[in-house]
Amino acid sequence: MIKMRKNLWMLTAFGVCVAMTMLTGCSIDDNEVVPSVEPNEPKEYIIEVGYAMKMPENKFLKVPATTDCDQDIVNALKAIDKVTDVKAFKLNSRYDFYNEQYVTKTAYYFNYKQDIDHNDPSKGWFKQQCVLTVAGKDRPTVLHTQGYSLKGTNNKLQDMGEPTLVYALEANCLQVEYRYFGWSLPEGYTNKWNYLSAKQHSDDLHAIVTAIKQSGVIDKSSKWLATGVSKNGMTTAHYAYYYPNEMDAYVPFCAPFLLSLWDIRPYTHILSKEAFDEDTEKLEKVKAAFVKFFSDKKLQLECANVYKQKYPKYRYLDDENIIMSLKKCMIANHYPKMMYVAFNRWEAMIPKAGDSAEKYYDFIMANEKTKYPGETSEQFYRREELANDLQEDSLFWSDPHALIRAIIIKRPNPYYVQACKELGSYGNDLSWVEHLLTPEEKTSFYRPMIPEGYGVTYDNGEYVKEFLEGMKQSTCHMMFVYGMQDPWTGGQIPDDMLGVNSRKLFIRNGTHNDYIDMWNQSEKAELFKWLDNLGFDMGK
C-alpha cells in the first residue's frame with residue numbers, strides 16, 4: 001500500500017485511495033500507517049517554481065552508454081534534424097511472459113526538439129524524451145503511446161518495460177514521453193499548462209513518427225501499430241482521432257472516456273454482475289462485507305483496536321477518527337483491487353459475518369500493492385510495476401517505486417491538470433452503503449476535482465464529446481480492449497460511437513492491463529486474426 005500525505009481530496013484515475021483525510025495505506029517498505037492532516041485548499045498547490053530553487057537532475061541522461069549496439073541505428077537517429085542526445089544503453093534483463101523467457105535488449109535514448117505550440121512554431125521548442133528498441137529493420141514497430149513520463153522502477157531508465165504486443169509481434173518499440181510529464185516540459189518548471197492537450201501531444205507523436213519513418217531506422221514497408229494501457233490507451237485513441245491513417249492498427253487497452261469531473265460509471269461497473277463474470281453470488285459476498293463493517297459499531301471498534309495493536313505509537317488517536325479512516329480505506333482500496341488483482345486471488349480474503357476483526361482489517365487494507373496467495377515473485381513484480389507506471393507523478397507518494405520528480409520541483413501531477421482541463425475524472429458510487437453513512441461521512445467521501453485549484457478551466461466534457469463523434473466518423477482500424485473486472489470498462493467507448501473499422505474485445509475476468517498471455521484462446525484468436533488481416537504476420 002501507499003503512504004498518502006496531504007490534499008487528499010483529489011482523485012487519481014488509476015486507483016489511488018479516494019478522499020482519504022485521516023489514514024493512509026501502509027508502505028510496502030515499513031508497513032506503517034501514518035495519519036495525515038486534513039486536506040489543504042487547492043489554491044495552495046498553485047505554486048510557481050522560482051529561479052532560486054535548485055532544479056532536479058535528469059538521471060536519465062546519466063544512464064551508462066553501451067558500445068554493444070547497432071551503430072547504423074545510432075547514426076540514423078543522429079542524422080534526424082531535430083534529434084539530440086542519442087545514446088545506446090542496455091535494458092536490464094526482464095521476464096517476457098508472452099514467450100516465457102528472460103530477455104535483455106539494447107535501447108536507444110534520444111530527445112526530439114518538439115514545437116511548444118504546433119499552431120505557432122515561432123514560440124520555440126522543448127526536448128521530448130524518447131526510447132527505441134529495434135528487433136529488426138523489417139519487423140513491425142509498436143508505438144507505445146505513453147500518457148505519462150518515461151521511467152522504469154525507481155526512475156531507472158534501464159528498467160523500462162514494453163507493451164506485451166511488442167513481444168507477441170517480435171516488434172520494434174518506440175516510446176514517447178507525454179508532454180508536461182517527466183522531463184518533456186514545454187514551459188519549463190512552471191505550473192503553466194497552456195499547451196497541455198490531447199491535440200498538442202498527438203501532433204508530437206505525428207512529428208516523431210514521421211521523422212523515424214523517414215530516417216531509415218525502420219524499413220518504410222514495415223507495419224506500425226499504436227497501443228497503450230489506461231491513459232496510455234486514451235493517448236492511442238486520441239492519436240487515432242487526429243491521425244487515423246498514420247498507423248496500420250490502433251489497439252488501446254482499458255481506455256476510459258469520461259463525461260464529467262464526477263463520472264460514476266467506472267465505480268458503478270464494479271458493483272455490477274458483469275464485473276464478476278455474471279456471478280451475482282460473488283458480488284453479494286463483497287457487498288455483504290462492506291455492509292457488515294459499515295453497520296456494525298462493535299466490529300468497527302474491534303478493527304480500530306487491531307490498528308492500535310499494529311501501530312502502538314498511534315494509540316492516542318480517537319477511535320472515531322480511526323473508524324472514519326478505515327471506512328475510507330475500505331472504499332478506496334476496493335477500486336484498485338478490482339482494477340489490478342484477479343478476483344480469484346483475493347476472494348478467500350473476503351470476510352463474512354462472524355469472522356474476526358483481524359480478517360476484516362486485512363481485507364480493508366489489501367490493495368494493488370499487496371502480494372496475494374499463489375502469486376509468484378515475477379507475477380507480483382509485473383503487477384506492481386504496472387500499477388507504479390500508471391500511478392506516477394502523485395504528490396502523495398513516498399514509496400520509493402514512485403519517488404517522483406514532481407514532488408521535488410513542487411509541480412502538481414500533470415494528469416490531474418489534464419483531467420481538469422479536458423479528460424474528466426471519476427467519482428464514487430456509494431449507493432450500496434450510502435444509507436449507512438453519516439452526513440459528515442457523505443460530505444467527506446464526495447470530493448470532486450476542482451479545476452480552479454490548478455488555475456485551469458474544465459471544458460464541460462466538450463473535448464470528449466468531440467472525440468467520440470470523431471471516432472464514429474473515423475475509418476481508422478481500431479480495436480478497443482477491455483477487461484470485464486476492470487472498473488474503467490464502465491467508461492468504455494459506446495457501441496454507437498465505433499467507426500466502420502473499429503471494434504471492441506472484452507476479456508473475461510480481465511483486469512487493467514495488456515496481458516495477452518493470460519487470455520483464453522478465443523480472445524487471443526480474435527485479436528490475432530484481426531491483426532493478420534491488416535498485414536501483421538501472426539503465424540506464430
Side-chain angles (χ1 to χ4, degrees), residues 1-28 32-39 230 262-264 266-271 275 286-287 289-291 293-294 300 303-304 307 321-341 346 349-351 360-370 384 387-388 390-391 394-399 402 413 415-416 419 425-434 436-438 440-449 485-488 490 511-512:
M1 298 179 185
I2 304 167
K3 286 185 183 177
M4 312 282 280
R5 291 186 176 177
K6 52 188 176 178
N7 199 22
L8 293 167
W9 55 271
M10 293 191 294
L11 298 171
T12 169
F14 305 102
V16 174
C17 290
V18 182
M20 296 169 61
T21 58
M22 296 292 196
L23 185 70
T24 72
C26 62
S27 162
I28 60 174
E32 181 180 353
V33 180
V34 181
S36 69
V37 297
E38 285 291 326
S230 200
W262 191 261
D263 191 332
I264 67 170
Y267 209 106
T268 299
H269 176 73
I270 58 175
L271 306 182
V286 175
K287 286 186 175 181
F290 272 76
V291 171
F293 180 75
F294 273 66
Q300 293 169 9
C303 287
Y307 167 77
N321 184 311
I322 297 173
I323 290 169
M324 167 80 90
S325 299
L326 289 174
K327 288 180 180 179
K328 292 177 181 178
C329 279
M330 192 173 197
I331 292 169
N333 287 338
H334 181 56
Y335 199 97
K337 273 205 293 278
M338 290 293 291
M339 186 174 170
Y340 290 109
V341 188
W346 52 272
M349 295 182 67
I350 302 172
Y360 273 89
Y361 183 90
D362 289 343
F363 177 71
I364 289 169
M365 301 308 296
N367 67 5
E368 80 280 15
K369 300 291 182 177
T370 303
E384 182 192 37
N388 286 333
L390 298 182
Q391 294 178 337
S394 171
L395 283 170
F396 307 150
W397 300 355
S398 58
D399 184 284
N413 183 341
Y415 167 76
Y416 296 131
S425 187
Y426 82 104
N428 297 328
D429 177 1
L430 301 181
S431 56
W432 53 345
V433 292
E434 191 166 23
L436 301 173
L437 300 180
T438 66
E440 179 188 2
E441 288 170 340
K442 289 180 182 180
T443 300
S444 179
F445 291 178
Y446 290 98
R447 293 280 186 101
M449 298 184 75
Q485 185 186 303
D486 180 21
W488 296 109
T511 52
H512 198 70

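Legend: residues meeting salt bridge (Lys or Arg N to Asp or Glu O under 4.0 Å) with Lys337, ordered by chain and number and at least two apart, are absent. Every residue meeting the side-chain hydrogen bond (donor to acceptor under 3.5 Å, both in side chains) condition with Ser431, not counting sequence neighbours, appears here in chain and number order: Asp429. The side chain to side chain contact (heavy atoms under 4.5 Å, CB included) search around Leu436 returns Val291, Phe294, Ser295, not counting sequence neighbours. With sequence neighbours excluded, no residue forms a ring pair (Phe, Tyr, Trp, His ring centres under 6.0 Å) with Phe363.
Interatomic distance, Ile364 CD1 to Met349 CE, rounded to the nearest 0.5 Å: 10.5 Å. Note: Glu384 CD to Thr370 OG1 = 10.5 Å, rounded to the nearest 0.5 Å. Interatomic distance, CG of Leu326 versus CD1 of Ile331, reported as 11.5 Å (0.5 Å rounding). Note: Tyr335 OH to Tyr267 OH = 9.0 Å, rounded to the nearest 0.5 Å.
Inter-residue side-chain proximity for Trp346 and Met338 is flagged as met; some heavy-atom pair is nearer than 4.5 Å. Looking only at side-chain heavy atoms (C-beta outward), Phe445 and Met324 come within less than 4.5 Å of each other. Side chains of Thr511 and Val341 form no contact here, defined as non-hydrogen atoms less than 4.5 Å apart.
Asn333 contributes no side-chain N or O that, together with a main-chain N or O of Asn367, makes up a donor-acceptor pair within less than 3.5 Å.
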Original post:
Hey, mind stepping through Leu430 and Phe290 against side chain to side chain contact (heavy atoms under 4.5 Å, CB included) and telling me if it holds?
Top reply: CA-CA 11 Å; Leu430 301 181; Phe290 272 76; over 6 Å; no

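Of all heavy-atom pairs between Pro266 and Tyr426, the closest is CG-CB, 4.1 Å. Closest approach of Met330 to Ala289, counting heavy atoms only: CE-O, 3.6 Å. In terms of heavy atoms, Phe293 sits closest to Gln300 at O-NE2, 2.8 Å. Across Ala387 and Lys369, no two heavy atoms sit closer than the pair CB-NZ, 4.4 Å. Between Ile270 and Ala275, the shortest heavy-atom distance links the atoms CA-CB, 4.0 Å.
Below 30°, between 30° and 60°, or above 60°: for Trp432 and His334 the angle between ring planes is between 30° and 60°, a tilted geometry.
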